Amino acid sequence: IIQHALVEYPGNDANNPAAIVMDSAAPFIDQNIVRKSLHDGIWASGTAAPTIRDNTVQDNQGRGIYVSTSSQALVLNNTVTGSGATGIGAGGGSMIIEGNTVHGSVGTGIECGNATARFNRVYANGDTGIIAQTCDVLNNIVAYNGNGGIHIFYAGNVSGNQVAHNTSPGDRAGISSQYGPIPITYNSVVFNTTESSVAGVSIYYPNWNGSSGPDCFAYNTVVGQVTP
C-alpha cells in the first residue's frame, strides 16, 4: 500500500522510469500526490494488477499514469494534469479506467487498449481526447481537445459520451472509428471544429479485412459542427 504520500521531483534512469514503479505486483495506490517526475508519474507493467485510485498526478514530464499489464488493473477517480505526454495510457489485460479527470496533457488525454473507459472527464489536452483500440468507451465527457474527441480502432463500443468543442487539423474532430465494426450510439456530438469537411462523426473501413458484426450508428445527437 502507498497511501497519503507526497512523491515529487524523482529522477529518471533505466531501472526507475517513473516516480512510482510496479512490476508484477498488485498494490493499492491511493490518495497520493505524484508530481514533477522527469519521466512518468505512476508506472505498472508485467503481471501487475494494481488499484490506482484517488491520486493527484501532476506536471510530470512523461505520462501521468501508464499501465501495461497482462492482469486487470483499476485506474479510478484520479486527477491527472499537465503531463508532458499522454495523461493516462493503459493496455494489455482487461482494465477499468473510470471516473478520472484528465486535462492539460501535451499529448492524448487517455490512450487505452483492451479496456473499458467510462465516466471520465477528458478536456483541454493537446492531442486527441481518447484514443482506444478494442475498448468500450462509455459515458465520458470529452471536450476542448486539440486533435479530436474520440478515435477508436478495430472493435468496442462508443456510447453515451458527450463530445463537444474539440478541434482538429484533420477530419476527426468529434468521434471517428476505423477498421470496425464498432457501434456508435447515444452520443452527443456538438460544436466541434475541423479544417476539413467532416467535423462531427467519421467512420472508416467498417468492414475492414472482411470483419463483420453489429456495426451501427444510431440515436446520436450531432449538431453545430464547424468547418471552414
Side-chain angles (χ1 to χ4, degrees), residues 7-8 10 12 16-21 33-45 52 55-69 73 75-92 95 97-135 137 140-154 156 158 161-178 192-196 202:
V7 184
E8 62 181 351
N12 175 35
N16 294 289
I20 297 176
V21 178
I33 298 173
V34 182
R35 65 190 184 196
K36 299 188 183 299
S37 168
L38 292 179
H39 198 53
D40 295 348
I42 299 173
W43 188 90
S45 67
I52 302 170
N55 300 283
T56 297
V57 183
Q58 63 187 80
D59 298 330
N60 298 288
Q61 292 187 21
R63 296 160 293 203
I65 298 172
Y66 176 65
V67 182
S68 179
T69 79
V75 182
L76 309 174
N77 303 321
N78 302 282
T79 298
V80 182
T81 65
S83 300
T86 299
I88 296 175
M95 299 186 191
I97 305 165
E98 179 179 314
N100 303 283
T101 298
V102 184
H103 66 91
S105 302
V106 172
T108 301
I110 295 175
E111 187 165 356
C112 58
N114 299 310
T116 297
R118 63 194 182 199
F119 300 108
N120 301 287
R121 295 162 298 282
V122 185
Y123 63 93
N125 298 286
D127 208 315
T128 308
I130 298 176
I131 295 179
Q133 179 174 316
T134 314
C135 293
V137 182
N140 302 283
I141 298 173
V142 185
Y144 296 102
N145 297 289
N147 191 23
I150 297 172
H151 189 49
I152 185 167
F153 298 86
Y154 300 116
V158 180
N161 302 283
Q162 299 178 48
V163 183
H165 298 287
N166 300 284
T167 60
S168 175
D171 60 358
R172 61 184 198 189
I175 296 174
S176 64
S177 69
Q178 195 165 357
N192 299 284
T193 303
T194 182
E195 294 179 4
S196 78
S202 55

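Treat the numbers as computed from the prediction; the structure is a model and nothing was measured.
Taken to the nearest 0.5 Å, the CD1 atom of Ile20 stands 8.5 Å off from the CD1 atom of Ile52. To the nearest 0.5 Å, the span separating CZ on Phe153 from CD on Gln178 amounts to 5.0 Å. Between the CD1 atom in Ile130 and the CD1 atom in Ile152 there is a gap of 9.5 Å [rounded to 0.5 Å].
In this structure, a donor-acceptor pair under 3.5 Å is present between the side chains of Ser176 and His151.
With sequence neighbours left out, Ser45 forms a side chain to side chain contact (heavy atoms under 4.5 Å, CB included) with Asp23, Trp43. Applying the ring-ring contact (aromatic ring centres under 6.0 Å, His included) rule to Phe119 yields no partners; only residues at least two apart in sequence or on another chain are considered. Taking the ring-ring contact (aromatic ring centres under 6.0 Å, His included) definition, one finds that His103 meets it with Tyr123, sequence neighbours left out. Remark: Asn147 pairs with Asp127, Ser168 by the side chain to side chain donor-acceptor pair (under 3.5 Å) rule, at least two apart or across chains. Partners of Thr101 under the side chain to side chain donor-acceptor pair (under 3.5 Å) rule, at least two apart in sequence or in another chain, are Arg121. Contacts of Leu76 classified as side chain to side chain contact (heavy atoms under 4.5 Å, CB included), with partners at least two apart in sequence or in another chain: Arg53, Leu74, Ile96, Glu98. Taking the side chain to side chain contact (heavy atoms under 4.5 Å, CB included) definition, one finds that Glu8 meets it with Leu6, Arg35, sequence neighbours left out.
The nearest pair of heavy atoms linking Ser83 to Gly87 is OG-CA, 3.9 Å. Scanning all heavy atoms of the two residues, the minimum distance from Val67 to Ala73 falls at CG1-CB, 3.8 Å. Across all their heavy atoms, Asn166 and Tyr144 have their closest contact at OD1-N, 3.3 Å.
Remark: side-chain polar atoms of Asn100 are not paired, donor with acceptor, to backbone N or O of Asn120 under 3.5 angstrom. Judged by distance alone, with hydrogens and angles left aside, the side-chain atoms of Asn145 form no donor-acceptor pair with the main-chain N or O of Thr128 at under 3.5 Å. Asn161 places no side-chain N or O within 3.5 Å of a backbone atom of Val142 that could act as its donor or acceptor partner.
Looking only at side-chain heavy atoms (C-beta outward), Thr56 and Asn78 stay at 4.5 Å or farther from each other. Here the side chains of Val122 and Ile141 are not in contact, with every heavy-atom distance at 4.5 Å or above. Side-chain contact check for Asn192 versus Thr167: every heavy-atom pair is 4.5 Å or farther apart. Looking only at side-chain heavy atoms (C-beta outward), Val75 and Met95 stay at 4.5 Å or farther from each other.
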Quiz: residues 57-65 side-chain donor-acceptor pairs under 3.5 angstrom, not counting sequence neighbours:
| from | atom 1 | to | atom 2 | distance (Å) |
| --- | --- | --- | --- | --- |
| Asn60 | OD1 | Lys36 | N | 3.3 |
| Asn60 | OD1 | Ser37 | N | 2.8 |
| Asn60 | ND2 | Val34 | O | 3.4 |
| Asn60 | ND2 | Gln58 | O | 3.4 |
| Arg63 | NE | Asp40 | OD1 | 3.4 |
| Arg63 | NE | Asp40 | OD2 | 3.0 |
| Arg63 | NH2 | Asp40 | OD2 | 2.8 |

Check your understanding: Do Thr116 and Ile97 pass the side-chain contact (heavy atoms from CB on, under 4.5 Å) test, and can you show the C-alpha distance, the side-chain angles, and the key distance before you say yes or no?
Key -> CA-CA 6 Å; Thr116 297; Ile97 305 165; over 6 Å; no
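Counting only residues at least two apart or on different chains, the side chain to side chain donor-acceptor pair (under 3.5 Å) pairs with a member in residues 104-113 are Ser105-Asn125.
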